[in-house]
Amino acid sequence: MNIETTLKEDIRVAIRQCFDTAVEEIILQPTKKEFEGFYTFVTFALTKALRRSPADIGQAIGTYLAEHSSVVSTFNVVQGFLNISLKDSTWLELLRAMRAEGTFGTQPANGQSVMVEFSSPNTNKPLHLGHLRNNFLGDSVARILTANGYEVVKTCLVNDRGIHICKSMLAYRELGRGETPESSGIKGDHLAGKYYVEFDKTYKKQIAELVAQGTSEDEAAKKAPWMQEAQQLLLKWEQGDPETVALWHKMNGWVYEGFEQTYRKIGVSFDKTYYESDTYLLGKDIIEEGLRQGVFYRKEDGSVWIDLTEEGLDQKLVLRGDGTSVYITQDLGTTELKYSDYGNDRYIWVVGNEQDYHFNVLFAILKRLGRAYADGCYHLSYGMVDLPSGKMKSREGTVVDADDLIETMRQTAETRTRDLGKIEDFASEEAQQLYNTLALGALKYFLLKVDPKKRMLFNPEESIDFQGHTGPFIQYTHARICSILRKAEQLAIAAEVPSHERPLHAAEQDLIFYLSLYPSRVQAAGQELAPSLISLYAFELAKVYNQFYAEVSIFADPDPQAVQLRVALSAVVAKTIKHSMELLGIEVPERM
RNA sequence: GGUCCCGUAGCUCAGUUGGAUAGAGCAUCUGCCUUCUAAGCAGACGGUCUUUGGUUCGAAUCCAAACGGGAUCACCA
């Protein structure tokens with residue numbers, strides 16, 4: 001039963017009966033807190049057609065509903081706003097339906113498949129806070145789409161080759177003295193990152209020297225010995241030089257071990273990992289095809305271009321003069337590969353908004369080439385995580401390291417939990433588990449509560465909160481409910497919704513109302529690809545429950561049916577909180 | 001310079017696609033643990049929704065311009 005649909009239908013009938021007029025679409029909004037009621041129908045739009053005052057219209061519809069609707073109890077009209085309340089029997093019926101539905105909030109399979117590509121790290125540096133936003137977003141979007149009935153394939157395209165990789169390889173070869181993760185005790189990805197920074201230091205020094213000798217800035221950047229050597233190294237790698245390839249394998253291996261640890265820690269995984277070293281040569285045949293079709297054109301120097309000025313974009317290079325690929329060439333090839341591997345209906349790339357232009361170009365080219373899957377392609381463009389000082393830059397060391405941040409959060413969780421002293425009977429392993437759950441809950445929630453499209457600010461000076469609009473607040477509410485449910489079990493009180501009508505407490509009505517919104521929120525989040533909608537919902541629901549908890553005593557009520565109802569209601573809230581948090585990739589503890 | 005985003009409380013963010021007196025959290029202040037977990041609840045304080053025009057019964061929301069911030073416009077990825 002969908003209460004909104006029922007109500008809208010009843011309003012449609014009311015308008016027909018009262019005014020002999022058919023209305024195409026009825027829109028309801030939640031009633032504001034300061035007014036009585038749960039659903040509000042705005043009548044202003046009807047005034048012209050009906051030639052009546054907004055208040056008259058509201059009064060007439062309200063009266064009709066109160067008399068004829070099977071779900072409406074009372075109403076009030078404020079200006080042009082018709083505020084509607086539901087019968088307690090309707091609330092109870094809604095609650096029963098939610099309890100009966102094992103998959104509350106999820107949609108049945110829709111027969112469509114979607115690929116979500118996210119994370120896509122570079123193997124020359126460890127993950128930072130920006131990567132975490134990407135990972136959590138991609139992971140959550142995949143979960144949300146699954147809940148919406150899609151078959152989801154999570155993929156990761158590892159950027160494991162290129163000049164930047166060669167830079168850290170070169171610096172390691174020159175300065176590394178055979179250092180390994182084992183010998184240094186440094187996690188593999190951090191070790192590679194260390195030499196990437198080392199490269200930059202030496203490189204900058206070399207540029208400065210050249211400039212001091214009178215070379216121009218631009219030229220110095222090109223002529224600096226290490227830049228030249230890095231390029232040589234890239235060439236050697238492409239030619240398969242055994243020594244270079246061996247070093248590449250060794251260092252990337254370290255990085256993968258490091259990444260694997262981090263991924264495991266944050267609970268992110270992939271169904272398929274693509275490596276750019278396997279795919280970077282793809283796409284050239286597509287260029288040939290496009291040339292034959294006249295989609296691309298060749299300049300005298302041999303380079304291949306596309307003119308996208310009609311689409312509001314520019315002329316864009318798709319193949320270098322020497323016949324080698326550029327970024328867009330590889331992406332064309334990789335997209336084709338994904339399609340031939342999986343044949344999905346939709347493709348989503350979770351990539352920062354700094355690449356908006358690139359994806360506009362990519363999709364425009366796919367359309368020009370007449371690819372059927374082009375329409376299913378979508379760039380989930382998310383905003384950067386900025387620091388108060390501005391953008392994070394790996395080379396300059398102005399990044400918030402993912403592993404460090406997680407460890408800091410874990411420590412905070414531990415300190416706070418210890419201070420509160422609620423889990424003194426926990427085994428040490430159990431306690432560690434809880435600290436992790438809370439730390440990751442706080443961190444994930446912090447990054448997922450903001451609209452993905454918007455850039456967001458992280459201030460390292462201010463730690464991420466564990467109180468208020470946070471993950472731990474929601475986790476706490478869940479633990480609280482679990483405590484109630486444990487007590488109910490001890491007292492042998494069954495969770496049951498009374499079959500007959502009984503007057504409900506306002507806080508109970510509020511809770512059932514919020515619960516009833518959940519499926520539509522999951523759908524909206526799926527449509528918008530916005531985990532923030534789920535985040536916000538979980539918070540609101542937890543807040544409403546805490547209000548209920550403070551206002552209503554669950555076990556002290558003399559009416560046993562009231563107690564059973566409140567236990568049942570609590571159980572549904574716990575289930576819904578858990579489910580919504582799962583969609584965010586956040587675990588909820590039973591005690592904390 | 002072209003294109004594209006963004007501008008809401010001291011700070012971080014919502015605002016259900018044009019509706020009521022613009023909402024949360026943090027911070028500050030005041031109450032509430034002998035009762036189901038106080039990581040909580042209740043309340044106070046806090047706003048020229050950057051500005052100026054326009055569209056209409058009605059604008060934070062739509063349109064235009066200005067100001068401010070950011071991204072991008074590589075034979076880098």
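Below, chains carry the letters A, B, ... as their sequence lines are ordered, and counting in each starts from 1.
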(Q) Taking the C1' atom in each of B:rU21 and B:rG54, what is the distance between them to the nearest angstrom? (A) 26 Å
Q. Counting just side-chain N and O atoms, does A:Lys454 come under 4.0 Å of either OP1 or OP2 of B:rG70?
A. no
Q | Euclidean distance, atom CG of residue A:Leu457 to atom P of B:rG25 [Å, nearest integer] | A | 21 Å
Q.
Between the base of B:rA14 and the side chain of A:Ser532, is there a donor and acceptor pair under 3.5 angstrom?
A. no
Q | Side-chain H-bond candidate by donor/acceptor type, A:Asp301 with A:Ser303, under 3.5 Å | A | yes
Q: Quote, to the nearest angstrom, the C1' distance that separates B:rA9 from B:rA27.
A: 12 Å
Q) What do you reckon, do A:Phe81 and the base of B:rA20 stack, with centroid distance below 5.5 Å and planes below 30°? A) yes
Q) If the P atom of B:rC49 is compared with that of B:rA44, how far apart are they to the nearest Å? A) 22 Å
Q) Between A:Arg480 and B:rA38, does any side-chain N or O lie under 4.0 Å from OP1 or OP2? A) yes
Q: Report the nucleotide, chosen from B:rC36, B:rC75, B:rA14, that has the shortest atom-to-atom distance to any side-chain atom of A:Arg320.
A: B:rC75
Q: Verify whether one side chain among A:Asn124 and A:Ser168 offers a donor that lies under 3.5 Å from an acceptor in the other.
A: no
Q | Sugar-phosphate, base or nothing in reach of A:Lys543, heavy atoms under 4.0 Å | A | sugar-phosphate
Q.
Taking the C1' atom in each of B:rC6 and B:rA60, what is the distance between them to the nearest angstrom?
A. 14 Å
Q.
Can you see whether A:Thr477 engages A:Asn546 through a side-chain donor-acceptor pair at a distance of less than 3.5 angstrom?
A. yes
Q. Of the candidate nucleotides B:rC36, B:rU37, B:rA77, which contains the atom at the shortest distance from the side chain of A:Glu276?
A. B:rA77
(Q) For a quick check of understanding: with a heavy-atom distance under 4.0 Å over all strands, which category does A:Asp451 fall into, base, sugar-phosphate or nothing? (A) sugar-phosphate
Q) Between atom CD in A:Glu311 and atom C1' in B:rU3, what is the gap in whole Å? A) 14 Å
Q. What interatomic distance, in whole Å, is found between P of B:rU8 and the corresponding atom of B:rU50?
A. 6 Å
(Q) Closest approach to the side chain of A:Ile163, judged atom by atom: which nucleotide of B:rC76, B:rU72, B:rC26 is it? (A) B:rC76
Q | Which nucleotide in B:rG23, B:rC36, B:rA24 has an atom nearest any side-chain atom of A:Glu34 | A | B:rG23
Q. Does any N or O donor sit under 3.5 Å from an N or O acceptor when you compare the side chain of A:Asn546 with the base of B:rA42?
A. no
(Q) Walk me through whether A:Tyr39 and A:Phe513 qualify under ring-ring contact (aromatic ring centres under 6.0 Å, His included). (A) CA-CA 10 Å; A:Tyr39 301 92; A:Phe513 172 71; 5.3 Å; yes
Q: Could you work out the separation of B:rG7 and B:rU12 based on their P atoms and round it to a whole Å?
A: 13 Å
**Q.** Residue pair A:Tyr280 / A:Glu238, side-chain donor-acceptor N/O under 3.5 Å
**A.** no
Q: Would you kindly give the CG-to-P distance between A:Asn459 and B:rC13, to the nearest whole Å?
A: 11 Å
Q: Indicate, with a heavy-atom threshold strictly under 4.0 Å, whether A:Phe473 touches base, sugar-phosphate, or nothing.
A: sugar-phosphate
Q) B:rA38 phosphate, OP1 or OP2: any side-chain N/O from A:Arg416 under 4.0 angstrom? A) no
Q: Measure the distance from CD on A:Glu540 to P on B:rG25 and round it to the nearest whole Å.
A: 11 Å
**Q.** Aromatic contact, A:Phe296 with A:Trp305 (centres under 6.0 Å)
**A.** no
Q) If you look at every strand shown and take non-hydrogen atoms under 4.0 Å, does A:Thr477 touch a base, only sugar-phosphate, or nothing? A) nothing
Q.
What's the closest nucleotide to the side chain of A:Thr31 if the choices are B:rC26, B:rA20, B:rU72?
A. B:rA20
Q: Nearest whole angstrom, please: distance from the P of B:rU72 to the CD of A:Gln315.
A: 22 Å
Q: Give a yes/no on whether any side-chain N or O of A:Lys316 is located under 4.0 angstrom from OP1 or OP2 of B:rC73.
A: no
Q. A:Asp465 near the nucleic acid: base, sugar-phosphate alone, or nothing, with a heavy-atom cut-off under 4.0 Å?
A. sugar-phosphate
Q) Using the P atom in both, what is the distance from B:rC62 to B:rG19, to the nearest Å? A) 11 Å
Q. Would you write out the dot-bracket form of RNA chain B, 5' to 3', with Watson-Crick and G-U pairs under 3.5 Å, [ ] for crossing pairs, | for pairs to other strands and . for unpaired bases?
A. (((((((..((((.....[...)))).(((((.......))))).....(((((..]....))))))))))))....
Q. Roughly how far apart, to the nearest Å, are B:rG46 and B:rU55 at atom P?
A. 35 Å
Q: Would you confirm whether the ring centroid of A:His164 sits within less than 6.0 angstrom of the ring centroid of A:Tyr196?
A: no
Q: Answer with base, sugar-phosphate or nothing: what part of the nucleic acid does A:Val304 contact at a heavy-atom distance below 4.0 Å?
A: nothing
Q) Do the side-chain N or O atoms of A:Gln547 get closer than 4.0 angstrom to the phosphate oxygens (OP1, OP2) of B:rA42? A) yes
Q) Across the strands shown, which category fits A:Leu319 at heavy-atom distances under 4.0 angstrom: base, sugar-phosphate, nothing? A) nothing
Q. OP1 or OP2 of B:rG7 less than 4.0 angstrom from a side-chain nitrogen or oxygen of A:Arg455, does that happen here?
A. no
Q: Please lay out, stage by stage, how A:Asn83 and A:Asn76 fare under the test side-chain hydrogen bond (donor to acceptor under 3.5 Å, both in side chains).
A: CA-CA 5 Å; A:Asn83 301 321; A:Asn76 64 83; 2.9 Å; yes
Q.
Is it the case that atom CD in A:Glu489 sees more than 12 heavy atoms from other parts of the structure closer than 6.0 Å?
A. no
(Q) Please pick, from B:rA71, B:rC36, B:rU16, the nucleotide with the shortest atom-to-atom distance to any side-chain atom of A:Lys391. (A) B:rA71
**Q.** Nearest-neighbour nucleotide for the A:Ser303 side chain, B:rU16, B:rU37, B:rC75 considered
**A.** B:rC75
Q. A:Tyr327 has a side chain; which of B:rU37, B:rA77, B:rA20 sits nearest to it?
A. B:rA77
Q) Rounded to whole angstrom units, what separation is found between the CG atom of A:Asp386 and the P atom of B:rC11? A) 16 Å
Q) When we call it a touch if two heavy atoms are under 4.0 Å apart, what does A:Gly321 touch: a base, just sugar-phosphate, or nothing? A) base
Q) Has A:Phe44 got its ring stacked on B:rG58, by the test of a centre gap below 5.5 Å and a plane angle below 30°? A) no
Q: Answer with yes or no whether the side chains of A:Asn353 and A:Tyr382 bring together a donor and an acceptor at under 3.5 Å.
A: no
Q: Output yes when at least one side-chain N/O atom of A:Lys32 is less than 4.0 Å from OP1 or OP2 of B:rU21, else no.
A: no
Q: Could you check whether A:Tyr476 and the base of B:rG40 form a stacked pair, meaning centres closer than 5.5 Å and planes differing by less than 30°?
A: no
Q. Does B:rU17 fall in syn (glycosidic angle within 90° of 0) or anti?
A. syn
Q. What integer distance in Å separates A:Asn83:CG from B:rG19:C1'?
A. 12 Å
Q: Starting at atom CZ of A:Arg161, determine the distance to atom C1' of B:rC76, rounded to an integer number of angstrom.
A: 11 Å
Q. Hey, would you say the A:Phe81 and A:Phe41 ring centroids sit under 6.0 Å apart?
A. no
Q | Proximal nucleotide (of B:rA77, B:rA20, B:rC41) relative to the A:Phe35 side chain | A | B:rA20
Q. When you measure from the side chain of A:Gln467, which nucleotide among B:rG40, B:rU16, B:rC13 comes out closest?
A. B:rG40
